[in-house]
Structures are given as structure tokens and as C-alpha cells.
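One structure is given below, represented as C-alpha cells, and several questions about it will come after.
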Amino acid sequence: MRTRVIRFAVGLYHERARIACAGYLRRDPLSLLKLRPGREDPYEVYDRLRAAGPLMPTRQGGWACTGYHGCDTVLRDRRFGRHPAEDRPGMSFLGMNPPDHTRLRRLAQPAFTPKAVARYTTRMERTAVGLLDEAAAAGRFDLVSSFAAPLPIVVITDLLGIPDSRAADFARYGQAIIGSLDGIKSMRHARQLLAARADLRRLFEHLFELRRRQPRDDIISHLVAAEGEQITPREMVPMCNLLLVAGFETTVNLISNAVLALLAHPEQWQALCADPDGLAPRVVEEVLRWDPPVQRTSRVALEQVELEGKLIRRGQQVITLIGAANRDPAAYQDPDTFDTTRTAGPPHLAFASGIHYCLGHALARAEAAVALRLLATRMPRLSRSGPVRRRDTTIIRGPLHLPVATAPTPRALVP
Ligand code: HEM
């Protein structure tokens, strides 16, 4: 055991050193994306990658795609999919190929239809108003921890039927798991992750028990009713984990990225304040294109495919850089301009495309629109009041802290 731990730790630190060396010394763009410069501004790195062509080989023997057309094709074309060997215990349907993916996605789908989402709107509005009342009383607050994060937590805990008394634990476990999407950063991180996974599993298993005896109108009750027929007991915890992880931190960052973008473009913030109901959904769409919370995903070629003039061999991985595709000049006019009045251009890829297209897209859009509408209505004089700290992650992008004030802050105080 001790030898395995040592080997794991050595591998971990070796990998970090390799990335730092490739990024800082050799200026390898894909490594830079995992380091501070790429986290601060990945779009500049994407431009450099794009200059080398829409599809470029990676140091790991796969490909990275920056072009809209290439990414959209990889995400839609059924000759690409998840690595078949990835179908292992603990894997959610996000990591599966049909037919298992189809069966499990179909089971979760009814909770996410636009009609189902509409049922949550009042709860979202009530929660947002409560949070903004508290923040307004303080005058200055962290937009992320006081507003953008608590709102999706309330919605996802409601949806899954997590009792209010466990909501805080639930959010903590979720954060630990999301923090591992980019890989394990240290031995301490590995230990925290294992503990969070075990605690979350216990919480879900306890709820399965409870809902078998006392079913309610929530996803967990729906899952236990389908157990044995449409879903195996082994698939239940991974499904719940997915809904937590996919539905929580992504939406937090959508709301935070939107506020950050709007405060950096005051004329567009003022336009939203003048017509919050009409403009909020359009602002959400432009933020999803311009600064998407999920910056990348990947697929594996299930057979040999020709793409963008290159031959992708069976088994090779293609990283689809969603953040780059959404700013591809071949797809969008003035792609680097944040323009909430934009109408031309193809649908952005923030929710991916094809069979894994985000199941929670309607929910995320509704949450973000409610958040922005109420923020603009209640705090039209909102301003930044301190430095923004970014998350230490590559796949997920957004601020960790975004200090704001309900009244204008002297410029000198905002770095
Ligand atoms: C702004 C918020 C969100 C963003 C940017 C986002 C983004 C994405 C992306 C890019 C994928 C595809 C990943 C891939 O193909 O590899 C995805 C899948 C998924 N998302 Fe979201 N998501 C958001 C919110 C949500 C919410 C609120 C939920 C539900 C509570 C959710 C549930 C899912 C599920 C279940 C999948 C897997 C779909 C499948 O494999 O068929 N997401 N999301």
C-alpha cells in the first residue's frame, strides 16, 4: 500500500513538473492552458493554437480542435464517442456510449424538460430575491459565494430531493468532486476526494432507502421506482453524482461570468437594466458563447475518420476546445466582441452538441436568466469593488471570488 501511495505521489508531481516545463519553457499552448497564463486568458492561447490550423496533434498522441466546424463534427458524428474501455463501474451516462447512454439519459430526461423546469421558476425567484436582500443589506459582497453559488445549490438539492438539513454537506462534497475534474493536484487533494466520494455515496444510499419507503416527486424517488428495470443498482449513485456535478458548478460560473462580462461592458449592463425581462435570456446566450463555463471536452475515434484534412486513427482522442470554437472567426463575426445584441452565427457549443448535449441546458438557462434579471432590477448601480480571483481549473472557467458593491466604487479601488 505504502509503495503504491509513493508511486502515485511521484507520478503526480512528475506530471505537474512536465506541464510546467512544457508550458513555461517550450511555450506549448496546450500545457499553457493548464497553467496560470492560460487560466487568466485562455482565448489568447486559443488564437495561437488556431494559427497552426483548426486541428493540431497533441504531445499525448491525440488531437486538439479549435475550429467550430471540427468541434461540432466530433461532438455529433457517431464515429466518435467515449472510449469503450471507459465503461466501468462508477461511470455515469456522460461517459457511456449507446445503448446504455440512451437508456439512462431517457430515464433522467423527464426532470429536465422546459415544462418541468418552469415549475422551478418561482422557487428560483424567491431564492434569488432572498439572497439579494441579504447582500443589499451588506452593501458589499462576494457575488460568487453570496449569490451565484447558493442559487444552483437550492435548485439541484430540490430536484434530487436532498433534505435542507443536508444541503450544505451536499454542496461541499460536490465542490470536492468538481475540483478533481482537472486531475488530482496533491496527495491531500486525493484524500479529500476519496472521503467526499464515500460521504456522498452514503448520503445517496440513505436517500434511496428513504424514498423506497416514502416516495416523493423528485428524481431520486423516480430512480428507485425504475431500479432493476431501467437502471441497475450499480448505476444509481453515478447518475446522482453526475446530476450534482454537472448541474452545480457549471451554473455558478455561468452567472459569475455573466456579471463579470456585464460589469466590464457598462453600456450592455445599462441596456439590461433598462429591459431586464427582455434582455436577460439574450445576455445568457452571449455569455455562453463568449466565456463558456465548460471550456473543453473530448471524444475518441471509434473508427478511422478524416477530419479537417487529417487522418484520425481509431482510438485517438480529440480534445474539443469549446471556448475556442465559440470564438472561431470562421463561424462568428468579431468573435472576441461581447455583444448581447448578436443574432448571426451558428448555435454556440457551450452545452456541447450531439447525443451528450447538456441535459440541464433549459434549467441552467432559466437559472441564469432569473439571476441576471433580478440582479439588474434590484441593483442597477452594481459595480466591482475589488480584484477578481480566478478558479484554479482548466476545464471549468469562472471567478472564485468577484467582489461587488451595490453602489459605484471609485475606480482607484478596483485593480
Ligand atoms: C451553465 C451551465 C451548464 C453548462 C455550461 C453545461 C455544459 C455541459 C456540457 C458541455 C456537456 C457535455 C459534456 C460532453 O459531451 O462531454 C453537459 C452534459 C450534461 N449536463 Fe450540463 N451544463 C450546465 C448545466 C447543467 C445542469 C444545470 C444540469 C442538471 C442538473 C446538467 C446536466 C448535464 C448532464 C446530465 C449531462 C450529460 C448528458 C449526456 O451525457 O447525455 N448540466 N453539460
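Order of appearance sets the numbers: ligands from 1, and atoms from 1 within every ligand.
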| What atoms in ligand 1 come closer than 4.0 Å to a heavy atom of I355? |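 Listed by number with element: 41 (O).
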
| field | R123 side chain near V155 side chain, heavy-atom distance below 4.5 Å | value |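 A side-chain contact is absent here, since even the closest heavy-atom pair is not under 4.5 Å.
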
| Does A350 have a heavy atom less than 4.0 Å from any atom of ligand 1? |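 Checking ligand 1 against A350, which is what was asked, there is a heavy-atom contact under 4.0 Å.
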
| query | Which residue pairs pass the side-chain hydrogen bond (donor to acceptor under 3.5 Å, both in side chains) test when at least one of the two sits in residues 235-247, sequence neighbours left out? | reply |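 Checked against side-chain hydrogen bond (donor to acceptor under 3.5 Å, both in side chains) - neighbours excluded - the pairs reaching residues 235-247 are R103-E235, T232-E235.
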
| request: Would you check if there is a donor-acceptor pair between the side chains of T394 and R39 at a distance under 3.5 Å? | output: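 Looking only at side-chain atoms, T394 and R39 do form a donor-acceptor pair, the distance falling under 3.5 Å.
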
| task | Considering the heavy atoms of R105, write down every atom of ligand 1 situated less than 4.0 Å from one of them. | result |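 In order of number, 38 (C), 39 (C), 41 (O).
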
| Any Lys/Arg nitrogen of D199 or R172 sitting under 4.0 Å from an Asp/Glu carboxylate oxygen of the other? |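 Judged by the 4.0 Å cut-off on N to carboxylate O distance, D199 and R172 do not form a salt bridge.
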
| task | Considering only NZ, NE, NH1 and NH2 on the basic side and carboxylate oxygens on the acidic side, decide whether R373 and E125 come within less than 4.0 Å. | result |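 Yes.
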
| Set of side chain to side chain donor-acceptor pair (under 3.5 Å) partners for H222, sequence neighbours left out |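 Scan of H222 (side chain to side chain donor-acceptor pair (under 3.5 Å), adjacent residues dropped) gives none.
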
| field | Of V129, L363, V154, the residue whose pairing with M124 passes side chain to side chain contact (heavy atoms under 4.5 Å, CB included) | value |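 For M124, the side chain to side chain contact (heavy atoms under 4.5 Å, CB included) check succeeds only for L363.
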
| request: Answer yes or no for F112: is there a heavy-atom contact with ligand 1 below 4.0 Å? | output: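 Yes; F112 lies near enough to ligand 1 that a heavy-atom distance drops under 4.0 Å.
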
| request: Can you sort out which atoms of ligand 1 are near L242, meaning under 4.0 Å from one of its heavy atoms? | output: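 Answer for ligand 1: 35 (C).
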
| query | For R82, is the nearest heavy atom under 4.0 Å from an atom of ligand 1? | reply |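 Yes, R82 has a heavy atom closer than 4.0 Å to ligand 1.
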
| Leaving waters out, which protein N, O or S atoms fall under 2.8 Å from atom 21 (Fe) of ligand 1? |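 N, O, S partners closer than 2.8 Å: C358 SG.
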
| said: Taking only non-hydrogen atoms of L75, do any sit less than 4.0 angstrom from ligand 1? | reply: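 No heavy atom of L75 comes that close to ligand 1.
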
| query | Are D142 and H401 close enough that a side-chain donor and a side-chain acceptor fall under 3.5 Å? | reply |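 Yes, side-chain donor-acceptor contact under 3.5 Å.
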
| field | Close N or O approach (S298, ligand 1; < 3.5 Å) | value |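 In fact, backbone or side chain, S298 has no N or O that close.
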
| request: Before accepting this row, confirm whether a basic side-chain N of the pair E209/R212 lies closer than 4.0 Å to the acidic partner's carboxylate O. | output: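 Answer for the salt bridge query: yes.
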
| task | Within a distance under 4.0 Å of any heavy atom of H101, pick out the atoms of ligand 1 and give their elements. | result |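 In order of numbering, the contacting atoms are 39 (C), 40 (O), 41 (O).
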
| request: For L243, take its heavy atoms, then give the atoms of ligand 1 lying under 4.0 Å from any of them. | output: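 Result: 30 (C), 35 (C).
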
| task | Determine whether the side chain, the backbone, both or neither of H356 has a heavy atom under 4.0 Å from any heavy atom of ligand 1. | result |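 The answer is both, backbone and side chain.
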
| task | Decide whether the shortest distance between a heavy atom of R299 and an atom of ligand 1 is less than 4.0 Å. | result |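 Checking ligand 1 against R299, which is what was asked, there is a heavy-atom contact under 4.0 Å.
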
| Atoms of ligand 1, numbered as shown, that sit under 4.0 Å from any heavy atom of L254 |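 In order of numbering, the contacting atoms are 1 (C).
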
| field | Sequence neighbours excluded - side-chain hydrogen bond (donor to acceptor under 3.5 Å, both in side chains) pairs with any residue from residues 258-282 | value |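 Residue pairs with at least one partner in residues 258-282: Q268-T340.
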
| field | E249 and ligand 1 - part of the residue with a heavy-atom distance under 4.0 Å | value |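 Neither part.
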
| request: List every atom of ligand 1 that sits less than 4.0 Å from any heavy atom of I156, numbering the atoms from 1 in the order shown and giving each element. | output: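 It comes down to these atoms of ligand 1: 30 (C).
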
| Check: N253/S256 side-chain N/O donor and acceptor closer than 3.5 Å |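 Per modelled atom types, N253 and S256 side chains form no pair under 3.5 Å.
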
| Any N/O pair Y357/ligand 1 closer than 3.5 Å |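 Looking only at distances, the answer is no, because the N/O contact criterion of under 3.5 Å is not met.
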
